[in-house]
Amino acid sequence: MAASGIPDSARVVVIGGGIMGCSVAYHLTKHGWRDVVLLEQGRLSCGTTWHAAGLVGQLRAHQNMTRLVQYSAELYSRLEAETGQATGWKQCGSVLVARTHERAALFKRIASAATAQGVACELISIKQAAERYPIMRTDDLVGALWLPLDGKVNPADITQALAKGARMGGAKIFEQTRVSAIHARNGAVTGVATTKGDIKADIVVNCAGQWAKQVGRMCGVAVPLHSAEHMYIVTGLIDGVHPDLPVLRDPDGYIYLKEEVGGLLMGGFEPQAKPWAMNGIPANFEFGMLPDDWDQFEILMQNALIRLPALETAEIKTFMNGPESFTPDNNFILGEAPELKNFFVGAGFNSIGIASGGGAGRALAEWIVEGEPTLDLWPVDIRRFARFYDNDALLHDRVKEVLGLHYMMPWPNRELASVRPFRRSPLYDRLAAKHAVFGSKMGWERPNFFAPTQAEAKIDYSLGRQNWFPFAAAEHDAARNAVAVFDLTSFAKFLLQGRDAQAALQRLCANDMDVPVGASVYTGLLNARGTYESDVTVTRVANDRFLIVTGTAQATRDAAWINRNLPADAHAYLTDVTSAYAVIAVMGPRSRELLQRLTKTALDNTSFAFGTMREIGIGHANVLAARRTYVGELGWELFVPVELATGVYDTIIQAGAEMGVRDAGYYAIESLRLEKGYRAWGRELSPDVTPYEAGLGFAVKLDKGDFIGRNALMDVKSKPPVKRLLSFAALSADTPLAHGGELILRDGVPAGEVTSAAYGHSLQAVVALCYVKTGGAAIDAAFLGAKFEIDIAGDRVPVRASLKALYDPTGAKVKG
Ligand SMILES: Cc1cc2nc3c(=O)[nH]c(=O)nc-3n(C[C@H](O)[C@H](O)[C@H](O)COP(=O)(O)OP(=O)(O)OC[C@H]3O[C@@H](n4cnc5c(N)ncnc54)[C@H](O)[C@@H]3O)c2cc1C
């Protein structure tokens, strides 16, 4: 132990004594890890936590995110009994109100999603809402929702309770101790330097809140977040306000209200936020506050006066303006840094850190103890970002937009507007000139659809059929019946090279990688539990060289997973070649005819079989052509050196003109792939499912020798899966649209949550994929023949279920 009192070494050092750091330390001790040291530069909760409003709202867009908050609420309700430290937890419920009919329609969808996620949630009348919140004005409202299990807590007290619980479990907490450097060797963290001396550590956890970006930069780890000002007011006593009053959320007015000592705490999420600390956070910002900004707050105040006329005469006791950190996608950042082994991050809480803190702390502690997450945390996984997100100007411009997202209408397909256009394919300008409307994924601009005119090149958001519906239908039709061209440049691409590359892939992949040069293999990358870390297509391009193609969003994640699982002495090296190749996909029954005009290579089935790749000439350029499809039609994906991409594209479009070749976008891909039942990473494939549950057992070769996940799969293979992915199609063309997240019922009983849905233009019906609970039953004709329905905004839409694709390339509709 150093003279200052801090230890020389610890198994884990946690940086930051806000709710997150204390929760991580608490949960590590629950795993029996006692040698845990938490360092706080000021005093516990002095960063952002102390001034939080303390709302704990449970329902989130993703099931596992909901589970994290449900656990927080459960933990907060019992922590006082466990530690003797008051927490202020109160399960007061919350009322949500709608000012617009679209918001009211959304509430119906939320109620269905809540049932699918197991969250108590009830559509209530305006009268019932008024009974629960008598002092609100209701004459302008058109809908309301009641979440009885939501609650509130005192953020500083809950942090102290977690800290006390951590101490009781053996953790040591040192305040007034700032971490000034992170030590690392051979790509792994080895400890920290502090204002009171060095501490060697096996594991370091960055829970430094809005400081987490600068702490990350101490060791080359990107933690993309930026501070923004975040405000609320607290009033004096108001008649009719009492401690049992529920929390009130009025998202159309951007505001929330919570009882606070007989008065009201009113805050919200204004549409244009105010970034803060562009030149870094000032030193000694302990229990820091920012100056009042009534101009910025005005939009919230005006809306609050509409909802709560009593505010007109209420005394304003406090104007609280405190900074909070926001991330590029409004989700927090959790997990082991891809850049540095044993360095973990739990930060960037986007104003839901109190609600999330309990569950996020437990999830991160489990990740640390198990070495990998124990459930699907993809929406918050640090590996969803790439290093380019750690750019101050980008973050500054993005967080202006992000804060307001909490209460904005979560329209289906809603795209963010800031920092756009960002990553551009070489075809970008050409496609933009053809009225492409782009979406953004991992920073890439990707055409979602092509509008007939510039005036129509936009999205008119709604919950029903949006303006692009007929345009995407025409693109879908071209791919099914003629030929369509897709710009898939955003695919992440890697080369794994070296004399041990094949052996390394055999261990990483569930499918057999001992294949001849030119063969492409679709495979899962599984973890030890036999569930998905990713799904990729691997092509052997030479004896010692493999091209790995994966989803746009998975670039960082897959690279980290592969590199972490390469044996230290393997002669196998991974290089990201995403930026070297554009990908132009030519898909549809006439794709062969079109491409054959442009190449001397024979493209018939015998000469160019499905699942193979080879170099071919297209016009003057040589490209790598892969015969595969994600839309269920004959087609080739062309991997084209970026500098040749525009030439190749022009050549294809010219040659295809008389065949009716059409540019097509990702909305068409979605309907095409769902009709074919093709799975997507992050929706159908995740660390929560095995290949057998996903119906992808064909891509698992248990007899090929050992691979990661094999033992777990051997165990489960012989047992009936507890859930199974099925395809669904509505029995009628004229139903509301589904967007994912809806409840599926089997014989009237909740059976699952839709993972993906779209309108299938060939089948002329809503199509969906969903994991259905099997109860251990075999998936036979009797099981599939049950009465299935999707709850779409309260309408029970009859659907048929199928194990097979609903559409086959010959055009036949497959019967359930
Ligand atoms: C006005 C406002 C209202 C809010 N209302 C709610 C709400 O109702 N519900 C909700 O869920 N969330 C709410 N939040 C968000 C919530 O407060 C935060 O998400 C949460 O407190 C973040 O906790 P944290 O532990 O990540 O960060 P912090 O509380 O900031 O903790 C990080 C700690 O790390 C310390 N630190 C930093 N650098 C170092 C270093 N180098 N060495 C040692 N220590 C270091 C800091 O001093 C700090 O104490 C609100 C936020 C604001 C601003």
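Atom set for the values below is all heavy atoms of this structure, side chains included, hydrogens, waters and symmetry mates excluded.
Residues in residues 340-350 take part in these side-chain hydrogen bond (donor to acceptor under 3.5 Å, both in side chains) pairs, two or more places apart or across chains: Thr327-Asn350.
For Ala738, the side-chain contact (heavy atoms from CB on, under 4.5 Å) partners two or more places apart in sequence, or in a different chain, are Glu742, Ala757, Val766, Ile792. Applying the salt bridge (Lys or Arg N to Asp or Glu O under 4.0 Å) criterion to Arg387, with sequence neighbours excluded, gives Glu339. Looking at residues two or more places apart in sequence or on another chain, you find a ring-ring contact (aromatic ring centres under 6.0 Å, His included) between Tyr389 and Phe385. Residues that satisfy the salt bridge (Lys or Arg N to Asp or Glu O under 4.0 Å) test with Arg383, not counting sequence neighbours, are Asp381.
In this structure the side chain of Val221 never reaches within 4.5 angstrom of the side chain of Asn206, judged on heavy atoms. Within the 4.5 Å cutoff, the side chain of Leu702 has heavy atoms near those of the Phe707 side chain.
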Going by atom type alone, with no hydrogens or angles, which donor-acceptor pairs under 3.5 Å involve a side-chain atom of residues 370-380 and a protein atom two or more places apart or on another chain?
from: Glu372; atom 1: OE2; to: Arg529; atom 2: NH1; distance (Å): 3.1
from: Thr374; atom 1: OG1; to: Glu366; atom 2: OE1; distance (Å): 2.6
from: Asp376; atom 1: OD1; to: Trp378; atom 2: N; distance (Å): 3.0

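Checked against the 6.0 Å centroid criterion, the rings of His27 and Tyr71 qualify as a close aromatic pair.
Between Arg683 and Glu670 there is a salt bridge, since a side-chain N of the basic residue sits under 4.0 Å from a carboxylate O of the acidic one. Using a 4.0 Å cut-off between charged nitrogen and carboxylate oxygen, Lys676 and Glu633 do not count as a salt-bridge pair. Here Glu693 pairs with Lys723 in a salt bridge; the nearest charged N to carboxylate O distance falls below 4.0 Å. For the pair Arg564 and Glu533, the salt-bridge criterion is not met [side-chain N within less than 4.0 Å of a carboxylate O].
Closest approach of Leu225 and Ala212 over heavy atoms only: CD2-CB, 4.1 Å. When all heavy atoms of Leu340 and Ala184 are compared, the closest pair comes out as CD1-CB, 3.7 Å. Smallest separation of non-hydrogen atoms from Tyr532 and Asn527: O-ND2, 4.4 Å.
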